2 protein chains.
Amino acid sequence: MAARAAVHAHTSHNHRACIDDALATARGLCAERGVQLTPLREKVLQIVWRSHKPMGAYEVLDELARSHKSARPPTVYRALDFLMAEGLIHKIESLNAYLGCIEAGAPHSGQFLICRQCGATEEIVDPRLETALEAAAGRAHFRPERKVVEISGLCARCGK
Amino acid sequence: MAARAAVHAHTSHNHRACIDDALATARGLCAERGVQLTPLREKVLQIVWRSHKPMGAYEVLDELARSHKSARPPTVYRALDFLMAEGLIHKIESLNAYLGCIEAGAPHSGQFLICRQCGATEEIVDPRLETALEAAAGRAHFRPERKVVEISGLCARCGK
DNA sequence: GACAGGACTGTTACGTTGTAACATCCGTCC
DNA sequence: GGACGGATGTTACAACGTAACAGTCCTGTC
């Protein structure tokens, strides 16, 4: 697969379709794997997908609570844990926040470009960068499992 | 500068000298820059340098409090913020923990290999990886400022 | 139908990480 | 001496995350 940026956070796009796509993909993957994408989990996934900005767990909780009175921190964290385990969302470590995954189904650690101005965060899937990471670890005789790559700065629009 | 790993966390080394080196470098840099490496800040730097494992802020606080009764969370966070601003320590985002910087003076975002088994964390300075990060950002017309690279897995010793 | 087991969710309480805001101290410069 | 700026003291709280146990609901088995 060629290097690409599958989400153009700043490009005007039909975000409704963007969410619907993500939900449909998620439903398909979970069915295939025999795991349960329950209404609660789907709702959380939908909330995370409402923007291309990483969302804090408590922000998700506030949103969820509007339709789900009994929501508490564990409610949200369990759903987020499930979604991460299935590769449907990523955690942005430098923000303690969560973002919908644009490559659901292909297990991978994400690589992220985080705009410090507008907050929009783009997931990139760059094989050359992946190779460089593997090589760097290899030179240190290190066996990588999870790779966190989070580049913050200014996006194309904000950096003009 | 060639790619290298400046700290061999697993190699037996004279860690006392390792700390002393770091403190001497820090004193020199701060003097040069006209900023104050106060006794409190130096103590915190020393504590962070006591191991090659990232240390949580509250862990630093516990240690600091042994010799400094009035230490409170803000005491530690202020010192850590100062040390980060001067490039003397790094924050490991995926662990919410702090680690002495092995390239103090050369402003850089670190690249880290974090062993999930023994906890030892090695900072690497790999120009090829740096180039790959810049290139990946460039292809997305993104202007990078801070680059977080944290690879966790098994170190050479634990992965055998 | 009973019931055992497992997956999911509800609920309470608490642990960890980080910060706001204001007070105090202390050296420097005029 | 008095204003100031930087550093630290102090209290309180905000934000992020989890342990532990209880209840619900479905399913497979007898």
Side-chain angles (χ1 to χ4, degrees), chain A residues 26-27 29-31 33-48 53-86 88-99 114 119 148 150, chain B residues 26-27 30-31 33-48 53-86 88-99 119 148 150:
Chain A
R27 277 188 288 259
L29 278 171
C30 289
R33 293 172 183 169
V35 297
Q36 305 182 49
L37 186 62
T38 62
L40 179 61
R41 289 166 173 173
E42 188 168 329
K43 181 75 186 172
V44 168
L45 181 57
Q46 190 185 71
I47 289 170
V48 169
K53 301 182 186 181
M55 204 168 181
Y58 278 65
E59 221 176 322
V60 173
L61 175 55
D62 288 344
E63 195 59 37
L64 179 62
R66 298 159 72 95
S67 65
H68 195 99
K69 298 291 186 193
S70 71
R72 297 283 179 280
T75 317
V76 168
Y77 281 104
R78 284 169 187 154
L80 292 173
D81 286 347
F82 169 85
L83 296 170
M84 281 195 286
E86 296 304 323
L88 301 173
I89 63 173
H90 291 288
K91 178 172 187 183
I92 307 298
E93 295 289 350
S94 57
L95 297 174
N96 293 323
Y98 304 82
L99 187 68
I114 307 163
V148 172
E150 299 173 9
Chain B
R27 277 189 289 260
C30 289
R33 293 172 184 170
V35 298
Q36 305 181 49
L37 186 61
T38 62
L40 179 61
R41 290 166 174 174
E42 188 169 328
K43 181 75 185 170
V44 168
L45 181 57
Q46 191 186 70
I47 290 170
V48 170
K53 300 182 187 181
M55 203 167 181
Y58 278 67
E59 222 177 321
V60 173
L61 175 56
D62 287 344
E63 195 59 37
L64 180 62
R66 298 158 73 95
S67 65
H68 194 100
K69 299 290 186 192
S70 71
R72 296 282 179 281
T75 317
V76 166
Y77 281 104
R78 283 170 187 155
L80 292 173
D81 286 348
F82 170 85
L83 295 170
M84 281 195 287
E86 297 303 324
L88 301 173
I89 63 173
H90 292 287
K91 178 172 187 183
I92 306 299
E93 296 289 350
S94 56
L95 298 175
N96 293 322
Y98 304 81
L99 187 67
V148 173
E150 299 173 9

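Just so we're clear, the structure is a prediction, and the values are computed from it rather than from any experiment. Numbers restart at 1 for each chain; the letters A, B, ... are given by sequence-line order, proteins then strands.
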So what does R41(B) hit on the nucleic acid, given a heavy-atom distance under 4.0 Å: a base, only sugar-phosphate, or nothing?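 Contact class for R41(B): sugar-phosphate only.
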
Remember a base hit wins even if backbone is also touched, and classify Y98(A) as base, sugar-phosphate or nothing at under 4.0 Å, heavy atoms.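 Answer is sugar-phosphate: Y98(A) comes under 4.0 Å of backbone atoms only.
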
Report the distance from atom [atom1] of [X] to atom [atom2] of [N], rounded to the nearest whole Å.
X	N	atom1	atom2	value
Y77(B)	dC16(D)	OH	C1'	11 Å
L80(B)	dA7(D)	CG	C1'	15 Å
K91(A)	dT17(C)	NZ	P	12 Å
L95(B)	dG17(D)	CG	C1'	15 Å
E93(A)	dT17(C)	CD	C1'	14 Å
L40(A)	dT9(C)	CG	P	5 Å
D81(B)	dA20(C)	CG	P	10 Å
Q36(B)	dG5(D)	CD	C1'	10 Å

Among dG18(C), dT9(C), dC22(C), find the nucleotide with the atom closest to the side chain of R78(B).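 Shortest atom-to-atom distance from the side chain points to dC22(C).
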
Please name the pair of heavy atoms, one in [X] and one in [Y], separated by the smallest distance, quoted to 0.1 Å.
X	Y	result
E150(B)	S94(B)	OE1-OG, 2.5 Å
G119(B)	K53(B)	O-CG, 3.7 Å
L80(B)	A57(B)	CD1-CB, 3.9 Å
L95(B)	P54(B)	CD1-CG, 3.8 Å
Q36(B)	F82(B)	O-CZ, 3.5 Å
H68(A)	L40(A)	CE1-CD1, 3.7 Å

Suppose we call a contact any N or O donor and acceptor under 3.5 Å apart; does that hold for the side chain of Y58(B) and the base of dG15(C)?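 Between dG15(C) and Y58(B), which were checked side chain against base, a qualifying N/O pair under 3.5 Å is absent.
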
Quantified as the angle between the terminal helix axes (five pairs each), what is the overall bend of the helix from dG1(C)-dC30(D) to dC30(C)-dG1(D) to 10 degrees?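 Rounded to the nearest 10 degrees, the bend comes out at 10°.
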
From [X] atom [atom1] to [Y] atom [atom2], the distance as rounded to the nearest 0.5 Å:
X	Y	atom1	atom2	answer
D81(A)	E86(A)	CG	CD	11.5 Å
I47(B)	L64(B)	CD1	CG	5.0 Å
L61(A)	Y77(A)	CG	OH	9.0 Å

Heavy-atom contacts under 4.0 Å between residues 59-75 of chain B and DNA chain C, which residues?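 Contacts with DNA chain C under 4.0 Å: P73(B), P74(B).
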
For dG17(D), does either OP1 or OP2 sit under 4.0 Å from a side-chain N or O belonging to N96(A)?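 The answer is yes; a side-chain N or O of N96(A) sits under 4.0 Å from OP1 or OP2.
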
